[in-house]
Amino acid sequence: MDIESVDYSTKIPNNVNLVEDRQVLRALESWHPGYIDWWMDMGPEGFQQALVYLRTAVSVDPKGWAKFDYVKMPEYRWGILLAPKEEGRKIPFGHHFGEPAWQDVPGEYRAMLRRLVVIQGDTEPASVEQQRHLGKTAPSLYDLRNVFQVNVEEGRHLWAMVYILQKYFGRDGREEAGELLQRRSGSADKPRMLGAFNEATPDWLSFYMFTFFTDRDGKMQLESLAQSGFDPLSRTCRFMLTEEAHHMFVGETGVGRTIQRTCEAMRAAGIEDPHDIDRIRNLGVIDLPTIQKKLNLHYSLSLDLFGSEVSTNAANAFNASLKGRFQETKIDDDHRLEHATYPVLKLVNGEIKRVDEPALTAVNMRLRDDYTDDCQRGLDRWNKVIGKTGVNFKLELPHVGFHRQIGEFKDVKVSPAGVLLDDSAWSRAIGKWLPSKDDGEFIVSLMKPVSEPGQYADWISPPRLGIDNKPGDFEYVKIAA
Ligand code: BYC
(Lines give C-alpha, C1' and ligand atoms only; values in the text may rest on other atoms or scores of the structure.)
Protein backbone atom coordinates (compact mmCIF):
# COMPACT_ATOMS: atom_id res chain seq x y z
CA MET A 1 0.00 0.00 0.00
CA ASP A 2 1.12 3.54 -0.76
CA ILE A 3 1.92 4.96 2.69
CA GLU A 4 0.93 8.47 1.70
CA SER A 5 -2.68 7.61 0.92
CA VAL A 6 -5.19 6.38 3.42
CA ASP A 7 -7.15 3.14 3.23
CA TYR A 8 -10.87 3.84 3.73
CA SER A 9 -12.02 0.27 3.07
CA THR A 10 -11.91 -0.71 6.75
CA LYS A 11 -14.20 0.89 9.31
CA ILE A 12 -11.15 2.70 10.63
CA PRO A 13 -9.34 4.68 7.92
CA ASN A 14 -5.62 4.13 8.20
CA ASN A 15 -2.26 4.09 6.49
CA VAL A 16 -0.82 1.35 8.69
CA ASN A 17 -2.21 -1.60 6.74
CA LEU A 18 -4.76 -2.58 9.36
CA VAL A 19 -6.36 -4.95 6.85
CA GLU A 20 -3.46 -7.29 7.43
CA ASP A 21 -3.14 -6.61 11.14
CA ARG A 22 -6.34 -8.39 12.12
CA GLN A 23 -5.70 -8.49 15.85
CA VAL A 24 -5.14 -4.77 16.18
CA LEU A 25 -8.02 -4.05 13.78
CA ARG A 26 -10.32 -6.14 15.98
CA ALA A 27 -9.08 -4.44 19.15
CA LEU A 28 -9.70 -1.01 17.62
CA GLU A 29 -13.09 -2.06 16.28
CA SER A 30 -14.13 -3.20 19.72
CA TRP A 31 -12.93 0.09 21.23
CA HIS A 32 -14.86 2.08 18.59
CA PRO A 33 -18.42 1.84 20.04
CA GLY A 34 -17.18 3.06 23.43
CA TYR A 35 -15.48 5.96 21.69
CA ILE A 36 -18.69 6.88 19.84
CA ASP A 37 -20.64 6.68 23.12
CA TRP A 38 -18.08 8.97 24.69
CA TRP A 39 -18.30 11.38 21.72
CA MET A 40 -22.11 11.47 21.91
CA ASP A 41 -22.00 12.05 25.68
CA MET A 42 -19.04 14.39 25.93
CA GLY A 43 -18.56 15.84 22.42
CA PRO A 44 -20.01 19.17 21.19
CA GLU A 45 -23.38 19.59 22.84
CA GLY A 46 -26.38 20.27 20.62
CA PHE A 47 -24.65 20.01 17.23
CA GLN A 48 -24.22 16.31 16.62
CA GLN A 49 -26.69 16.38 13.72
CA ALA A 50 -25.41 19.63 12.15
CA LEU A 51 -23.52 19.49 8.85
CA VAL A 52 -20.09 20.96 9.44
CA TYR A 53 -17.63 21.99 6.74
CA LEU A 54 -14.67 19.95 8.00
CA ARG A 55 -11.34 18.84 6.67
CA THR A 56 -10.57 15.14 6.84
CA ALA A 57 -7.10 13.73 6.36
CA VAL A 58 -6.94 11.68 3.18
CA SER A 59 -3.17 11.44 2.86
CA VAL A 60 -0.07 12.22 4.85
CA ASP A 61 1.59 14.06 2.00
CA PRO A 62 2.51 17.46 3.51
CA LYS A 63 1.54 19.19 0.26
CA GLY A 64 -2.06 18.04 0.16
CA TRP A 65 -3.31 15.88 2.96
CA ALA A 66 -6.84 17.07 3.61
CA LYS A 67 -10.15 17.29 1.83
CA PHE A 68 -13.00 19.58 2.89
CA ASP A 69 -16.68 18.65 2.89
CA TYR A 70 -19.86 18.80 4.95
CA VAL A 71 -19.87 16.07 7.59
CA LYS A 72 -22.00 15.25 10.61
CA MET A 73 -19.48 15.04 13.42
CA PRO A 74 -20.38 11.55 14.67
CA GLU A 75 -19.78 10.37 11.08
CA TYR A 76 -16.31 11.94 10.86
CA ARG A 77 -13.82 9.27 9.75
CA TRP A 78 -11.44 9.12 12.71
CA GLY A 79 -8.41 7.27 11.47
CA ILE A 80 -4.88 6.13 12.21
CA LEU A 81 -2.34 8.15 10.29
CA LEU A 82 1.41 7.98 10.67
CA ALA A 83 3.91 10.15 8.86
CA PRO A 84 5.86 8.15 6.26
CA LYS A 85 8.64 5.94 7.58
CA GLU A 86 12.09 7.46 7.17
CA GLU A 87 14.22 4.58 5.92
CA GLY A 88 17.34 4.10 8.01
CA ARG A 89 16.23 6.55 10.72
CA LYS A 90 18.67 6.65 13.63
CA ILE A 91 17.85 7.49 17.24
CA PRO A 92 18.77 11.17 17.57
CA PHE A 93 19.57 11.47 21.32
CA GLY A 94 20.06 9.80 24.65
CA HIS A 95 21.81 6.63 25.65
CA HIS A 96 20.88 4.95 22.35
CA PHE A 97 22.01 7.87 20.19
CA GLY A 98 22.97 6.66 16.71
CA GLU A 99 21.33 3.21 16.97
CA PRO A 100 18.61 2.31 14.46
CA ALA A 101 15.19 3.60 15.60
CA TRP A 102 13.09 0.91 17.32
CA GLN A 103 10.11 -0.54 15.52
CA ASP A 104 9.01 -2.35 18.68
CA VAL A 105 8.81 -1.26 22.29
CA PRO A 106 12.15 -1.78 24.02
CA GLY A 107 11.24 -4.06 26.94
CA GLU A 108 13.29 -2.21 29.55
CA TYR A 109 11.45 1.08 28.85
CA ARG A 110 7.97 -0.30 28.44
CA ALA A 111 6.42 1.29 31.55
CA MET A 112 8.00 4.68 30.95
CA LEU A 113 6.89 4.75 27.35
CA ARG A 114 3.37 3.67 28.21
CA ARG A 115 3.10 6.46 30.77
CA LEU A 116 4.13 9.09 28.20
CA VAL A 117 1.63 7.75 25.66
CA VAL A 118 -1.18 7.61 28.22
CA ILE A 119 -0.55 11.17 29.43
CA GLN A 120 -0.46 12.43 25.86
CA GLY A 121 -3.63 10.48 25.04
CA ASP A 122 -5.46 11.75 28.12
CA THR A 123 -5.18 15.40 27.12
CA GLU A 124 -6.94 14.89 23.78
CA PRO A 125 -10.44 13.86 24.91
CA ALA A 126 -10.06 16.20 27.90
CA SER A 127 -9.95 19.24 25.63
CA VAL A 128 -13.08 18.07 23.76
CA GLU A 129 -14.87 17.75 27.11
CA GLN A 130 -13.72 21.20 28.17
CA GLN A 131 -15.04 22.78 24.97
CA ARG A 132 -18.34 20.95 24.64
CA HIS A 133 -20.60 23.85 25.60
CA LEU A 134 -19.03 26.47 23.35
CA GLY A 135 -21.21 25.75 20.31
CA LYS A 136 -24.17 27.41 21.97
CA THR A 137 -22.47 30.81 22.10
CA ALA A 138 -20.31 30.86 18.96
CA PRO A 139 -19.66 34.38 17.63
CA SER A 140 -20.10 33.17 14.02
CA LEU A 141 -20.51 30.08 11.87
CA TYR A 142 -16.83 30.44 10.94
CA ASP A 143 -15.81 30.15 14.61
CA LEU A 144 -18.33 27.39 15.21
CA ARG A 145 -16.78 25.36 12.42
CA ASN A 146 -13.32 25.99 13.81
CA VAL A 147 -14.08 24.70 17.30
CA PHE A 148 -15.63 21.58 15.78
CA GLN A 149 -12.60 21.07 13.54
CA VAL A 150 -10.36 21.30 16.58
CA ASN A 151 -12.62 18.87 18.47
CA VAL A 152 -12.76 16.15 15.80
CA GLU A 153 -8.99 16.34 15.37
CA GLU A 154 -8.38 16.07 19.11
CA GLY A 155 -10.60 13.01 18.88
CA ARG A 156 -8.33 11.70 16.13
CA HIS A 157 -5.30 12.37 18.29
CA LEU A 158 -6.86 10.16 20.93
CA TRP A 159 -7.18 7.44 18.26
CA ALA A 160 -3.52 7.96 17.43
CA MET A 161 -2.44 7.20 21.00
CA VAL A 162 -4.95 4.37 21.36
CA TYR A 163 -3.49 2.72 18.27
CA ILE A 164 -0.05 2.78 19.88
CA LEU A 165 -1.47 1.33 23.10
CA GLN A 166 -3.46 -1.40 21.33
CA LYS A 167 -0.74 -2.40 18.92
CA TYR A 168 2.31 -2.31 21.15
CA PHE A 169 1.18 -2.74 24.76
CA GLY A 170 -1.05 -5.83 24.68
CA ARG A 171 -3.43 -6.27 27.54
CA ASP A 172 -2.38 -3.33 29.68
CA GLY A 173 -2.54 -1.15 26.55
CA ARG A 174 -6.16 -2.24 26.05
CA GLU A 175 -6.93 -1.42 29.67
CA GLU A 176 -5.35 2.01 29.38
CA ALA A 177 -7.31 2.63 26.15
CA GLY A 178 -10.50 1.85 28.07
CA GLU A 179 -9.51 4.17 30.94
CA LEU A 180 -8.99 7.04 28.49
CA LEU A 181 -12.74 6.93 27.85
CA GLN A 182 -13.57 6.81 31.56
CA ARG A 183 -11.79 9.83 32.99
CA ARG A 184 -13.57 13.17 32.69
CA SER A 185 -12.30 16.74 32.67
CA GLY A 186 -13.07 18.40 36.00
CA SER A 187 -14.48 15.23 37.60
CA ALA A 188 -13.92 14.87 41.34
CA ASP A 189 -13.62 11.04 41.17
CA LYS A 190 -11.89 10.45 37.85
CA PRO A 191 -10.28 13.68 36.67
CA ARG A 192 -8.05 14.03 33.63
CA MET A 193 -4.35 13.57 34.44
CA LEU A 194 -2.90 17.07 34.03
CA GLY A 195 -4.06 20.25 35.78
CA ALA A 196 -4.92 22.54 32.85
CA PHE A 197 -7.19 19.86 31.40
CA ASN A 198 -9.48 19.98 34.39
CA GLU A 199 -10.16 23.72 34.10
CA ALA A 200 -13.39 25.03 32.61
CA THR A 201 -13.56 26.76 29.21
CA PRO A 202 -16.49 29.04 29.97
CA ASP A 203 -16.30 31.47 27.05
CA TRP A 204 -14.76 31.97 23.64
CA LEU A 205 -11.89 34.12 24.80
CA SER A 206 -10.89 31.24 27.08
CA PHE A 207 -11.10 28.90 24.10
CA TYR A 208 -8.81 31.10 21.99
CA MET A 209 -6.37 31.48 24.88
CA PHE A 210 -6.44 27.72 25.40
CA THR A 211 -5.75 26.99 21.75
CA PHE A 212 -2.97 29.56 21.74
CA PHE A 213 -1.26 28.58 25.00
CA THR A 214 -2.26 25.01 25.80
CA ASP A 215 -2.27 23.67 22.27
CA ARG A 216 1.16 25.26 21.97
CA ASP A 217 2.30 23.13 24.92
CA GLY A 218 0.82 20.28 22.88
CA LYS A 219 3.01 21.32 19.97
CA MET A 220 6.16 21.37 22.14
CA GLN A 221 5.40 18.01 23.75
CA LEU A 222 4.59 16.44 20.39
CA GLU A 223 7.76 17.90 18.91
CA SER A 224 9.81 16.27 21.63
CA LEU A 225 7.96 12.94 21.32
CA ALA A 226 8.40 13.17 17.53
CA GLN A 227 12.14 12.78 18.25
CA SER A 228 11.50 9.49 20.03
CA GLY A 229 13.66 6.47 19.37
CA PHE A 230 10.40 4.48 19.29
CA ASP A 231 9.64 5.06 15.64
CA PRO A 232 5.84 4.47 15.61
CA LEU A 233 5.43 7.17 18.26
CA SER A 234 7.69 9.53 16.35
CA ARG A 235 5.73 9.02 13.13
CA THR A 236 2.37 9.40 14.88
CA CYS A 237 3.41 12.66 16.52
CA ARG A 238 4.82 14.03 13.30
CA PHE A 239 1.48 13.74 11.59
CA MET A 240 -0.41 15.09 14.63
CA LEU A 241 1.74 18.22 14.42
CA THR A 242 0.44 18.87 10.90
CA GLU A 243 -3.09 19.10 12.30
CA GLU A 244 -2.03 20.96 15.44
CA ALA A 245 -0.90 24.00 13.45
CA HIS A 246 -4.50 24.91 12.61
CA HIS A 247 -5.49 24.74 16.28
CA MET A 248 -2.90 27.32 17.20
CA PHE A 249 -3.97 29.43 14.23
CA VAL A 250 -7.52 29.41 15.63
CA GLY A 251 -6.18 30.60 18.99
CA GLU A 252 -3.85 33.25 17.70
CA THR A 253 -6.30 34.76 15.23
CA GLY A 254 -9.18 34.46 17.72
CA VAL A 255 -7.35 36.56 20.30
CA GLY A 256 -6.02 38.85 17.54
CA ARG A 257 -9.54 39.49 16.21
CA THR A 258 -10.82 40.18 19.74
CA ILE A 259 -8.04 42.71 20.31
CA GLN A 260 -8.63 44.31 16.92
CA ARG A 261 -12.33 44.83 17.60
CA THR A 262 -11.66 46.30 21.05
CA CYS A 263 -9.11 48.77 19.74
CA GLU A 264 -11.31 49.80 16.81
CA ALA A 265 -14.30 50.34 19.11
CA MET A 266 -12.14 52.44 21.46
CA ARG A 267 -10.91 54.59 18.59
CA ALA A 268 -14.41 55.06 17.19
CA ALA A 269 -15.66 56.18 20.62
CA GLY A 270 -12.64 58.43 21.17
CA ILE A 271 -11.45 56.51 24.24
CA GLU A 272 -7.69 56.95 24.68
CA ASP A 273 -7.13 55.27 28.02
CA PRO A 274 -7.13 51.44 27.76
CA HIS A 275 -7.78 51.33 31.52
CA ASP A 276 -11.06 53.21 31.24
CA ILE A 277 -12.68 49.83 31.68
CA ASP A 278 -16.32 50.70 32.33
CA ARG A 279 -16.58 52.92 29.28
CA ILE A 280 -14.86 50.33 27.11
CA ARG A 281 -17.09 47.54 28.36
CA ASN A 282 -20.12 49.70 27.64
CA LEU A 283 -19.12 49.50 23.99
CA GLY A 284 -19.71 45.73 24.16
CA VAL A 285 -16.06 44.77 23.72
CA ILE A 286 -13.48 43.18 26.02
CA ASP A 287 -11.04 45.71 27.51
CA LEU A 288 -7.33 45.01 27.01
CA PRO A 289 -6.48 44.74 30.75
CA THR A 290 -9.00 41.88 31.02
CA ILE A 291 -7.45 40.22 27.98
CA GLN A 292 -4.10 40.54 29.75
CA LYS A 293 -5.56 38.80 32.82
CA LYS A 294 -6.90 35.94 30.71
CA LEU A 295 -3.48 35.66 29.11
CA ASN A 296 -1.83 35.52 32.56
CA LEU A 297 -4.15 32.71 33.58
CA HIS A 298 -3.73 30.54 30.50
CA TYR A 299 0.02 31.02 30.21
CA SER A 300 0.59 30.08 33.84
CA LEU A 301 -1.68 27.04 33.65
CA SER A 302 0.11 25.92 30.50
CA LEU A 303 3.58 26.36 32.06
CA ASP A 304 2.53 23.77 34.64
CA LEU A 305 2.17 21.24 31.83
CA PHE A 306 5.94 21.14 31.41
CA GLY A 307 6.40 19.45 34.80
CA SER A 308 9.15 20.44 37.24
CA GLU A 309 12.09 22.50 36.03
CA VAL A 310 14.45 19.90 37.43
CA SER A 311 13.04 16.44 36.81
CA THR A 312 14.46 12.95 37.04
CA ASN A 313 11.44 11.65 35.09
CA ALA A 314 12.45 13.91 32.23
CA ALA A 315 16.11 12.92 32.52
CA ASN A 316 15.17 9.24 32.47
CA ALA A 317 12.97 9.69 29.40
CA PHE A 318 15.78 11.54 27.61
CA ASN A 319 18.42 9.00 28.62
CA ALA A 320 16.16 6.19 27.48
CA SER A 321 15.91 7.93 24.07
CA LEU A 322 12.13 8.14 24.43
CA LYS A 323 11.52 11.91 24.64
CA GLY A 324 13.96 14.42 23.20
CA ARG A 325 14.29 18.17 23.01
CA PHE A 326 12.59 20.63 20.68
CA GLN A 327 14.21 20.24 17.25
CA GLU A 328 16.72 17.79 18.69
CA THR A 329 18.29 16.99 15.33
CA LYS A 330 19.08 20.66 14.73
CA ILE A 331 20.93 21.13 18.03
CA ASP A 332 24.71 21.11 17.78
CA ASP A 333 25.90 19.10 20.79
CA ASP A 334 26.56 15.50 21.87
CA HIS A 335 22.80 14.70 22.16
CA ARG A 336 23.59 12.75 25.33
CA LEU A 337 24.00 15.68 27.72
CA GLU A 338 26.60 13.82 29.71
CA HIS A 339 28.52 16.86 30.92
CA ALA A 340 26.41 19.84 29.86
CA THR A 341 24.63 22.25 32.16
CA TYR A 342 21.57 24.41 31.60
CA PRO A 343 20.54 27.55 33.51
CA VAL A 344 17.40 26.97 35.56
CA LEU A 345 15.36 29.62 37.37
CA LYS A 346 15.21 28.63 41.01
CA LEU A 347 14.46 29.97 44.44
CA VAL A 348 17.71 30.41 46.31
CA ASN A 349 17.55 31.78 49.87
CA GLY A 350 14.36 33.65 49.12
CA GLU A 351 15.56 35.06 45.81
CA ILE A 352 14.83 34.05 42.23
CA LYS A 353 18.11 33.17 40.54
CA ARG A 354 19.43 31.34 37.51
CA VAL A 355 21.40 28.30 38.61
CA ASP A 356 23.31 25.94 36.36
CA GLU A 357 21.89 22.42 36.64
CA PRO A 358 22.88 19.25 34.78
CA ALA A 359 21.27 19.72 31.35
CA LEU A 360 19.90 16.21 31.57
CA THR A 361 17.64 16.95 34.51
CA ALA A 362 16.74 20.33 33.04
CA VAL A 363 15.17 19.17 29.77
CA ASN A 364 11.68 20.22 30.92
CA MET A 365 13.03 23.71 31.63
CA ARG A 366 14.67 23.88 28.24
CA LEU A 367 11.47 22.86 26.46
CA ARG A 368 9.58 25.40 28.52
CA ASP A 369 12.04 28.13 27.52
CA ASP A 370 11.52 27.22 23.87
CA TYR A 371 7.79 27.42 24.52
CA THR A 372 8.07 30.85 26.14
CA ASP A 373 9.99 32.15 23.11
CA ASP A 374 7.30 30.80 20.80
CA CYS A 375 4.54 32.40 22.90
CA GLN A 376 6.42 35.71 22.91
CA ARG A 377 6.49 35.74 19.12
CA GLY A 378 2.70 35.38 19.14
CA LEU A 379 2.38 38.25 21.63
CA ASP A 380 4.58 40.41 19.42
CA ARG A 381 2.12 39.83 16.60
CA TRP A 382 -0.83 40.76 18.86
CA ASN A 383 1.00 43.88 19.98
CA LYS A 384 1.41 44.85 16.34
CA VAL A 385 -2.36 44.62 15.94
CA ILE A 386 -2.77 47.00 18.90
CA GLY A 387 0.04 49.27 17.69
CA LYS A 388 -1.53 49.68 14.25
CA THR A 389 -4.73 51.03 15.77
CA GLY A 390 -2.74 53.62 17.73
CA VAL A 391 -3.93 52.40 21.14
CA ASN A 392 -1.24 52.66 23.77
CA PHE A 393 -1.09 49.22 25.39
CA LYS A 394 1.25 46.27 25.33
CA LEU A 395 0.44 42.68 26.23
CA GLU A 396 3.15 40.93 28.22
CA LEU A 397 3.90 37.40 29.34
CA PRO A 398 3.95 37.24 33.14
CA HIS A 399 7.05 35.95 34.93
CA VAL A 400 7.32 32.14 34.87
CA GLY A 401 7.00 32.06 38.67
CA PHE A 402 3.59 33.72 38.56
CA HIS A 403 0.59 31.62 39.69
CA ARG A 404 2.23 28.21 39.50
CA GLN A 405 1.05 24.88 40.87
CA ILE A 406 3.88 22.66 39.67
CA GLY A 407 7.62 22.96 40.10
CA GLU A 408 10.01 25.40 41.70
CA PHE A 409 7.50 28.21 42.34
CA LYS A 410 4.50 26.24 43.50
CA ASP A 411 4.84 27.25 47.15
CA VAL A 412 5.58 30.94 46.69
CA LYS A 413 3.72 33.96 45.39
CA VAL A 414 5.36 35.82 42.54
CA SER A 415 3.97 38.90 40.80
CA PRO A 416 3.74 39.06 36.98
CA ALA A 417 6.86 41.26 37.12
CA GLY A 418 8.75 38.55 39.01
CA VAL A 419 8.71 39.99 42.53
CA LEU A 420 8.27 37.61 45.47
CA LEU A 421 5.29 38.63 47.60
CA ASP A 422 3.85 37.72 50.97
CA ASP A 423 0.32 36.33 51.15
CA SER A 424 -1.37 39.60 52.02
CA ALA A 425 0.29 41.56 49.20
CA TRP A 426 -0.67 38.74 46.84
CA SER A 427 -4.32 38.72 47.99
CA ARG A 428 -4.56 42.47 47.60
CA ALA A 429 -3.22 42.44 44.06
CA ILE A 430 -4.54 39.23 42.61
CA GLY A 431 -7.69 40.88 41.19
CA LYS A 432 -5.44 43.00 38.97
CA TRP A 433 -3.63 39.98 37.59
CA LEU A 434 -6.11 37.14 37.21
CA PRO A 435 -9.69 37.30 35.92
CA SER A 436 -12.18 37.92 38.73
CA LYS A 437 -15.70 36.54 38.94
CA ASP A 438 -16.96 39.89 37.60
CA ASP A 439 -14.58 39.77 34.66
CA GLY A 440 -15.80 36.26 33.87
CA GLU A 441 -19.43 37.32 34.10
CA PHE A 442 -18.84 40.30 31.87
CA ILE A 443 -17.22 38.15 29.20
CA VAL A 444 -19.97 35.55 29.45
CA SER A 445 -22.56 38.34 29.06
CA LEU A 446 -21.14 39.08 25.59
CA MET A 447 -21.34 35.47 24.44
CA LYS A 448 -24.49 35.62 22.33
CA PRO A 449 -24.59 33.20 19.44
CA VAL A 450 -24.50 34.54 15.89
CA SER A 451 -25.57 32.05 13.26
CA GLU A 452 -26.25 34.10 10.12
CA PRO A 453 -23.61 33.33 7.46
CA GLY A 454 -21.09 36.16 7.22
CA GLN A 455 -22.18 37.80 10.50
CA TYR A 456 -19.99 38.19 13.60
CA ALA A 457 -20.67 39.02 17.24
CA ASP A 458 -19.91 42.64 18.08
CA TRP A 459 -16.96 41.83 20.34
CA ILE A 460 -14.83 40.22 17.63
CA SER A 461 -13.64 41.21 14.15
CA PRO A 462 -14.25 39.00 11.12
CA PRO A 463 -11.27 36.93 9.92
CA ARG A 464 -9.24 38.19 7.03
CA LEU A 465 -9.63 34.99 5.02
CA GLY A 466 -12.14 32.16 4.95
CA ILE A 467 -11.36 28.51 5.63
CA ASP A 468 -10.46 26.68 2.40
CA ASN A 469 -10.64 30.09 0.67
CA LYS A 470 -14.39 30.27 1.07
CA PRO A 471 -16.12 33.64 0.66
CA GLY A 472 -17.20 35.75 3.65
CA ASP A 473 -20.84 34.64 3.65
CA PHE A 474 -20.08 30.92 3.37
CA GLU A 475 -22.34 28.69 5.50
CA TYR A 476 -19.67 26.78 7.45
CA VAL A 477 -22.23 24.96 9.56
CA LYS A 478 -25.72 23.96 8.46
CA ILE A 479 -27.20 23.87 11.93
CA ALA A 480 -30.68 22.61 11.16
CA ALA A 481 -29.52 19.83 8.85
N1 BYC B 1 -0.52 18.18 36.40
O2 BYC B 1 9.09 15.16 37.15
P3 BYC B 1 7.82 15.92 37.04
C4 BYC B 1 -1.66 18.44 24.34
C5 BYC B 1 3.22 14.96 37.84
S6 BYC B 1 -0.82 18.98 25.70
C7 BYC B 1 -0.57 17.07 37.17
O8 BYC B 1 7.74 17.26 37.60
P9 BYC B 1 7.72 15.15 34.34
C10 BYC B 1 -2.95 19.07 24.03
C11 BYC B 1 3.96 13.94 36.98
O12 BYC B 1 3.05 13.17 36.19
C13 BYC B 1 0.64 17.92 25.81
N14 BYC B 1 0.51 16.31 37.46
O15 BYC B 1 7.33 16.03 35.56
C16 BYC B 1 -3.12 20.43 24.17
C17 BYC B 1 4.70 13.15 38.02
O18 BYC B 1 3.80 12.21 38.60
P19 BYC B 1 4.32 10.74 39.01
C20 BYC B 1 0.42 16.62 26.55
C21 BYC B 1 1.70 16.68 36.96
O22 BYC B 1 7.23 13.76 34.50
C23 BYC B 1 -4.36 21.00 23.92
C24 BYC B 1 5.04 14.18 39.08
O25 BYC B 1 4.12 15.26 38.89
N26 BYC B 1 1.54 15.75 26.42
O27 BYC B 1 -1.21 17.57 23.67
O28 BYC B 1 9.14 15.36 33.99
C29 BYC B 1 -5.41 20.22 23.50
C30 BYC B 1 6.45 14.69 38.96
O31 BYC B 1 6.65 15.04 37.62
C32 BYC B 1 1.85 17.81 36.15
C33 BYC B 1 2.49 15.57 27.36
O34 BYC B 1 2.42 16.15 28.41
C35 BYC B 1 0.68 18.58 35.87
N36 BYC B 1 0.72 19.69 35.12
O37 BYC B 1 6.89 15.92 33.22
C38 BYC B 1 -5.23 18.85 23.35
C39 BYC B 1 3.65 14.65 27.01
N40 BYC B 1 3.15 17.93 35.82
O41 BYC B 1 4.79 10.08 37.75
C42 BYC B 1 -3.99 18.28 23.59
C43 BYC B 1 3.78 13.46 27.89
C44 BYC B 1 3.79 16.92 36.40
O45 BYC B 1 5.41 11.00 39.99
N46 BYC B 1 4.04 13.81 29.28
N47 BYC B 1 2.91 16.16 37.07
O48 BYC B 1 3.07 10.10 39.58
C49 BYC B 1 5.25 14.17 29.77
O50 BYC B 1 6.19 14.29 29.04
C51 BYC B 1 5.43 14.40 31.24
O52 BYC B 1 4.67 13.48 31.91
C53 BYC B 1 5.07 15.81 31.72
C54 BYC B 1 5.51 15.94 33.20
C55 BYC B 1 5.74 16.85 30.86
C56 BYC B 1 3.56 16.04 31.72
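Order of appearance sets the numbers: ligands from 1, and atoms from 1 within every ligand.
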Which one holds for [X] and ligand 1: side chain close, backbone close, both close, or neither close, with close meaning a heavy atom under 4.0 Å?
{"X": "T211", "value": "neither"}
{"X": "F213", "value": "neither"}
{"X": "H247", "value": "neither"}
{"X": "S308", "value": "both"}
{"X": "D215", "value": "both"}
{"X": "K323", "value": "side chain"}
{"X": "I406", "value": "side chain"}

Report task. State which residue, out of D468, L144, I467, fulfils the side-chain contact (heavy atoms from CB on, under 4.5 Å) condition with Y476. Result ->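 Only match with Y476 under side-chain contact (heavy atoms from CB on, under 4.5 Å): I467.
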
Query - Single hit among N146, V150, N151 for side-chain contact (heavy atoms from CB on, under 4.5 Å) with F148 - result: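 Testing F148 for a side-chain contact (heavy atoms from CB on, under 4.5 Å) against N146, V150, N151 leaves exactly one candidate, N151.
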
Just to confirm, does any protein heavy atom lie below 4.0 Å from [atom]?
{"atom": "atom 55 (C) of ligand 1", "answer": "yes"}
{"atom": "atom 25 (O) of ligand 1", "answer": "no"}
{"atom": "atom 40 (N) of ligand 1", "answer": "yes"}

Query - Salt bridge K346-E357, side-chain N to carboxylate O under 4.0 Å - result: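 Yes, charged N to carboxylate O under 4.0 Å.
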
Query - NZ/NE/NH1/NH2 to OD/OE distance under 4.0 Å, R404 and D411 - result: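 Looking at D411 together with R404, the answer is no, because their closest N to O distance does not fall below 4.0 Å.
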
Ligand 1 atoms in contact with [X] (distance to a heavy atom under 4.0 Å):
{"X": "G218", "value": "4 (C), 6 (S), 13 (C), 27 (O)"}
{"X": "E124", "value": "27 (O), 38 (C), 42 (C)"}
{"X": "S127", "value": "29 (C), 38 (C)"}
{"X": "L116", "value": "43 (C), 46 (N), 49 (C), 50 (O)"}
{"X": "F197", "value": "6 (S), 10 (C), 16 (C), 23 (C), 29 (C)"}

Has ligand 1 got any nitrogen or oxygen that is less than 3.5 angstrom from a nitrogen or oxygen of [X]?
{"X": "E244", "result": "no"}
{"X": "Q120", "result": "yes"}
{"X": "D217", "result": "no"}

**Report entry** Heavy-atom proximity to atom 29 (C) of ligand 1, best of E154, E309, Q405
**Finding:**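 That would be E154.
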
Which residue holds the protein heavy atom closest to [atom], what is that atom called, and what is the gap in Å?
{"atom": "atom 28 (O) of ligand 1", "result": "S311 OG, 2.6 Å"}
{"atom": "atom 52 (O) of ligand 1", "result": "I119 CD1, 3.2 Å"}
{"atom": "atom 53 (C) of ligand 1", "result": "L305 O, 4.2 Å"}
{"atom": "atom 16 (C) of ligand 1", "result": "T214 O, 3.4 Å"}
{"atom": "atom 30 (C) of ligand 1", "result": "N313 ND2, 3.9 Å"}
{"atom": "atom 15 (O) of ligand 1", "result": "G307 CA, 3.6 Å"}
{"atom": "atom 1 (N) of ligand 1", "result": "G195 N, 3.1 Å"}
{"atom": "atom 36 (N) of ligand 1", "result": "D304 O, 3.0 Å"}

Kindly say whether the aromatic ring centers of [X] and [Y] come within a distance under 6.0 Å.
{"X": "Y76", "Y": "W39", "answer": "no"}
{"X": "Y168", "Y": "W102", "answer": "no"}
{"X": "F402", "Y": "H399", "answer": "no"}
{"X": "W204", "Y": "F210", "answer": "no"}

State, with a plain yes or no, whether a side-chain heavy atom of [X] is found less than 4.5 Å away from one of [Y].
{"X": "D370", "Y": "R366", "result": "yes"}
{"X": "F409", "Y": "I352", "result": "yes"}
{"X": "M73", "Y": "L54", "result": "yes"}

Report task. May I ask whether M193 places a heavy atom under 4.0 Å from ligand 1? Result ->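 It does; at least one heavy atom falls under 4.0 Å.
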
Query - 4.0 Å heavy-atom contact, R115 with ligand 1 - result: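 Yes.
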
Query raised in the report: Above 12 or not: heavy atoms from other molecules or residues under 6.0 Å from NZ of K437?
Result: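 Check fails, neighbour count at 12 or below.
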
Query raised in the report: Side chains of Y299 and T372: donor-acceptor distance under 3.5 Å anywhere?
Result: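 Result is yes, a qualifying pair exists.
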
Query raised in the report: Between H298 and E199, do the side chains contain an N or O donor and an N or O acceptor separated by less than 3.5 Å?
Result: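 H298 vs E199: no donor-acceptor pair found between side chains.
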
Query - Intermediate values then yes/no, ring pair (Phe, Tyr, Trp, His ring centres under 6.0 Å), Y35 and W31 - result: CA-CA 6 Å; Y35 171 80; W31 186 80; 5.4 Å; yes

Query raised in the report: Given the rule in the salt bridge (Lys or Arg N to Asp or Glu O under 4.0 Å) test, do E86 and R235 qualify, once you have shown the distances and angles that lead to the verdict?
Result: CA-CA 9 Å; E86 252 176 59; R235 291 171 55 202; over 6 Å; no

Query - H403 vs W433, ring pair (Phe, Tyr, Trp, His ring centres under 6.0 Å): CA-CA, chis, key distance, verdict - result: CA-CA 10 Å; H403 186 239; W433 297 331; over 10 Å; no

